Each structure stands twice: as C-alpha cells, then as structure tokens.
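Have a look at the structure below before the remarks.
Note that the structure is predicted; figures quoted are calculated from it, not measured. Computed from heavy atoms alone, side chains included, the values below leave out hydrogens, waters and symmetry copies.
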Amino acid sequence: MESYFERAKLKFENLKNKTDVIVLGIESSCDETSVSVVRNGTELLSNVVSSQIDIHKRFGGVVPEVASRNHVMAIENVFNEAVKEAGIKLSDIDAVAVTYGAGLIGALLVGVNFAKALSFGLDVPLIAVSHIEGHISANYITHKALKPPFICLLVSGGHTALLKVSDYLEHTMLGTTIDDSVGEAFDKVARILGLEYPGGPNVDKFAKLGKSNIEFIKHDILKGTLNFSFSGVKTAVINYVHNLEQKGESVNVPDVAASFQSFVVKELTEKAISACKQTGLKKLVVAGGVSANSYLKERLTELCKENNIELYMPELKLCTDNAAMIASAGCYYIKKGKGLAGLDLTGSATVAL
C-alpha cells in the first residue's frame, strides 16, 4: 500500500505546475498562535492571530511554558476561524505550511504537530518553512509586484542581518549582528526603563515624547563592515540608568528612549543603504517585527528617496509573527521544489540565515 509520504511527494511534484495553489499556514514560534490561508503566495484569503501579549505582560516577557500551553488551547479555534474566514472547504487546501524554526521549541512543537496531523488527515503535502523566509515573504503579500533580486534588512527579536536576495528562497548574508539582535536590545532597554512588555513598541511610543540628546556610545562600531553590534549601546543605557538611580536622580524615560532608538536606527539605515550601494541593487525590503518601528520607517523612507532606492515594507499586521507570511513562503517553497517534510518533522530553536 502506498504510504502517506509517497502520495505527498507525488502531489508535491504536481503542485509545481498547478495554476492555482492554496496553502494553509501555521505559525506558533513564540507567543502568537496564527493560521492563515494564502493563494499563490500573494493573495491573502484569511489571517487569524491569537496574541498572548496580555498573558505575558505580567511576567515582563514571554515565558516559554506558558506560551506552549496557550498555543495548545488556542490552535484549533484559530484554525477553524481561518478556514471559515477564507471561505474555502478543507478539500480546497493543496498543502500545509508550518514554521519549524527558529523559535521556542515547546511553542514550535504545538504548531508542527498540529500541521502534521492536519496534512496527514487531508492527505496533502507538509511544507517545513523557515521563520526567516516567512518574514521576507510577508512583503510579497503587501507588494504583489515585488520580485527578487533585492537587499533585505532583516530586523526581528531573534535576528538582525542584511541579505542579498537573488531569487525566491535564495539569499546571501552580507552582514549580521555579532551579539544581540536589534529586537532583543529594544526589549532589554524597555525593561531597564520600566516599560511594559512588549518592549519595542513602548520604546517607540516614549521616544516620540523625548529628544535624542544623550550620546551613549560613538557611531563607529564595526566601521567599514555591514555587521551590527547592539550589546554596547544596550549596556551603556543600562549603566546610564543605574548611575542616575544610585545618585537619586530621576530618569528622563522619553529622552533615553529617543536617544537609544536614534542610535539603533542610524546603524540599521546607514548600513542598509550601504548594502544597496555596494551591490548596485535599487530595491530595499525590510522584514521582521522591528519593521513596525515608526522611526525606522521614517528614516528609511527619507534615505531611500535621497538615494533613489525603492523601499518595500510589509503592512503593519504582517510585520510581527503571523501565519500569512508562512503560507506565502510555503507557496514559493512548492514552486522551487523545496521544503517537503515527513511526519518526523520536529521544531528547531535555530535556523541558518
């Protein structure tokens, strides 16, 4: 008798030439439980996200065990709502795509195991998607005409990098962080300033009320490279705040937030523009949760205009973790003949850039 995987492999091959491909995506890498349905990589039929922000706010950050348990409780309802919103029958689904990494192992396993059961039950291929490729693919939904090649500025809670994307699912790393990711730095600065989780949006919010008038460290980190380092400025902010507290002086939270954010955005934007100039590519794509930062958007818009570079950023709802980006990436995995997984698929804390 032909096995599930043998049938899935044959169907996977046939999907490469199918005109209309509908992929259901599942994302559970951190604290959002999300299911989405996407047609042909660009047409969003549904995208349901169940956020755990209010749950983790009391802890000041994501607690992995709590996140996993809440994924278990939410995923079936989120799935049913996404299918209903998409207006499709289960038999219309051509493949199931799921984030297998990077992320919190316990959280990932909830999505991966649900996806395995679903793909087996529907007798359709299972596609293992990298969270990184997902963030890049969010732009294909927002900007339907966007095609490689381009430079991608990847800015998230776990990664910060500049990538030369030569084709769908094909990229070369031009630079990366040598220590903290930019999202991690935002969260740690938010915590020392006493701002609620999630840290990044709150730093952005308070920065609008302050002035960038504090020089924590010089802008000469890794000069002449496309690499980033955020550990130094993060530590400088922590020391600055501690010194004021030890003297019994008050901390001007808006000014600290504005000064920190200004430093970080300057690093990101200048090196992103430099990557475009060095490669000769005139398209810059931004991906990852930090792409929701309003000051980053503002400065990139200005600098890209000055340098005649086309800027592409996902719409706000697709900046942070969501299943739409995973379903979109799944469509491109199919077209490229990549990502077919068996029922032995498991989660991975890290994935290669």
field: Heavy-atom side-chain contact between Thr346 and Leu109 under 4.5 Å
entry: yes
More than 12 heavy atoms of other groups within 6.0 Å of Lys57 NZ: yes
field: Same cluster (ILVMFWY, side-chain, under 4.5 Å), Phe230 and Leu226
entry: yes
- request: Show your working on side-chain contact (heavy atoms from CB on, under 4.5 Å) between Phe150 and Ile136 and close with a plain yes or no.
  value: CA-CA 11 Å; Phe150 52 75; Ile136 297 172; 4.1 Å; yes
- prompt: Does the pair Glu184/Lys188 count as a salt bridge with the N-to-O cut at 4.0 Å?
  reply: yes
- prompt: Taking it one step at a time, do Ser36 and Leu44 satisfy side-chain contact (heavy atoms from CB on, under 4.5 Å)?
  reply: CA-CA 8 Å; Ser36 174; Leu44 184 61; 3.5 Å; yes
query: To the nearest 0.5 Å, how far apart are CG in Asn139 and OH in Tyr312?
result: 10.0 Å
- prompt: Any salt bridge between Lys336 and Asp167, counting N to O under 4.0 Å?
  reply: yes
field: Pairwise side-chain contact, Asn252 with Ile214, heavy-atom cut-off 4.5 Å (strictly under)
entry: no
- prompt: For Val48, does its backbone N or O pair with a side-chain atom of Ser34 as donor and acceptor, under 3.5 Å?
  reply: yes
message: Pairing donors with acceptors under 3.5 angstrom, does anything connect the side chains of Asp179 and Ser229?
response: yes
query: What pair of heavy atoms forms the shortest contact from Ser119 to Tyr4, and how long is it?
result: OG-OH, 3.3 Å
- prompt: Do Val98 and Leu45 belong to the same hydrophobic cluster, where Ile, Leu, Val, Met, Phe, Trp and Tyr are linked whenever their side-chain heavy atoms lie under 4.5 Å apart, directly or via other members?
  reply: yes
message: So does Pro314 get a backbone contact from the side chain of His143, meaning a donor-acceptor N/O pair under 3.5 Å?
response: no
task: Let me see the working for Glu65 and Arg69 under salt bridge (Lys or Arg N to Asp or Glu O under 4.0 Å), right down to the final yes or no.
output: CA-CA 6 Å; Glu65 175 65 17; Arg69 289 179 181 274; 2.7 Å; yes
message: Students often mix this up, so state it plainly: with edges at 30° and 60°, are the rings of Phe186 and Phe260 parallel, tilted or perpendicular?
response: perpendicular
task: Output yes when a side-chain donor or acceptor of His159 lies under 3.5 Å from a complementary backbone atom of Ser181, and no otherwise.
output: no
- prompt: Taking the side chain as C-beta and beyond, is there a heavy-atom pair between Val264 and Gln261 under 4.5 Å?
  reply: no
field: Contact check, side chains of Leu174 and Thr279, non-hydrogen atoms, under 4.5 Å
entry: yes
Side-chain donor or acceptor of Ser68 paired with backbone N/O of Ala107 under 3.5 Å: yes
message: Using every non-hydrogen atom in the two residues, find where Val129 and Ala329 come nearest and quote the distance to one decimal.
response: CG1-CB, 3.8 Å
field: Residue among Asn227, Val182, Val290 satisfying side-chain contact (heavy atoms from CB on, under 4.5 Å) with Thr160
entry: Val182
message: Within the supplied structure, the quantity of interest is the number of heavy atoms (other residues, nucleotides, ligands) at a distance under 6.0 Å from Glu76 CD; does it exceed 12?
response: no
query: Under 3.5 Å, is there a donor-acceptor pair between the Lys277 and Asn307 side chains?
result: yes
- prompt: Just checking, is any N or O donor in the side chain of Gln278 or Ser274 under 3.5 Å from an acceptor N or O on the other one?
  reply: yes
query: Does the side-chain contact (heavy atoms from CB on, under 4.5 Å) test come out yes or no for Ile151 and Leu153, once each step is laid out?
result: CA-CA 7 Å; Ile151 295 297; Leu153 173 63; 5.9 Å; no
message: Using modelled atom types and a 3.5 Å cut-off, is there a donor and acceptor pairing between side-chain atoms of Asn293 and backbone atoms of Tyr295?
response: yes
message: Within the structure provided, determine whether Tyr197 and Val62 are in side-chain contact (heavy-atom separation under 4.5 Å).
response: yes
- request: Taking the six-membered ring for Trp and the single ring otherwise, decide whether the centroids of Phe263 and Phe216 are under 6.0 Å apart.
  value: no
- request: Ignoring hydrogens and angles, tell me if any N or O in the side chain of Lys283 forms a donor-acceptor pair with the backbone of Lys147 under 3.5 Å.
  value: yes
- prompt: Is Ile26 reachable from Val38 through a run of I, L, V, M, F, W or Y residues, each pair having side-chain heavy atoms under 4.5 Å apart?
  reply: no
- request: Return yes if some donor-acceptor pair links the side-chain N/O of Thr142 with the main-chain N/O of Glu315 below 3.5 Å, else return no.
  value: yes
- request: Consider only side-chain N and O atoms of Ser29 and Glu27, and report whether a donor and an acceptor are under 3.5 Å apart.
  value: yes
message: Quick check: do Val83 and Leu24 have side-chain heavy atoms less than 4.5 Å from each other?
response: yes
Ion pair Glu302/Lys305, N-O distance below 4.0 Å: no
field: From CA spacing to verdict: side-chain contact (heavy atoms from CB on, under 4.5 Å), Phe228, Leu162
entry: CA-CA 9 Å; Phe228 302 97; Leu162 280 164; 3.8 Å; yes
message: Can you give me the closest heavy-atom contact between Ala95 and Leu15, atom names plus distance?
response: CB-CD1, 4.3 Å
Check: Glu196 main-chain N/O paired with Asn202 side-chain donor or acceptor under 3.5 Å: yes
- request: Find the distance between OG (Ser262) and CD (Glu215) and round it off to the nearest 0.5 Å.
  value: 10.5 Å
query: Is there a side-chain contact between Lys208 and Ser294, using heavy atoms and a 4.5 Å cut-off?
result: yes
- request: Using the six-membered ring wherever Trp is involved, compare the ring planes of His135 and His131 and label them parallel, tilted or perpendicular (cut-offs 30° and 60°).
  value: perpendicular
query: Which heavy atom in Ala128 sits nearest to a heavy atom in Ala341, and how many Å separate them?
result: CB-CB, 4.1 Å
- prompt: Same cluster or not: are Val110 and Ile55 linked, directly or through other Ile, Leu, Val, Met, Phe, Trp or Tyr residues, by side-chain heavy atoms under 4.5 angstrom apart?
  reply: no
- prompt: Can you check whether Met325's main-chain N or O pairs, donor with acceptor, with Asn322's side chain at less than 3.5 Å?
  reply: yes
task: Spell out, as yes or no, whether a donor-acceptor pair under 3.5 Å connects the side chain of Asp92 to the backbone of Lys89.
output: yes
message: Any heavy-atom pair between the side chains of Val78 and Glu81 that's under 4.5 Å?
response: no
- request: Tell me whether Val351 is reachable from Leu353 by hopping between hydrophobic residues (I, L, V, M, F, W, Y) whose side-chain heavy atoms are closer than 4.5 Å.
  value: yes
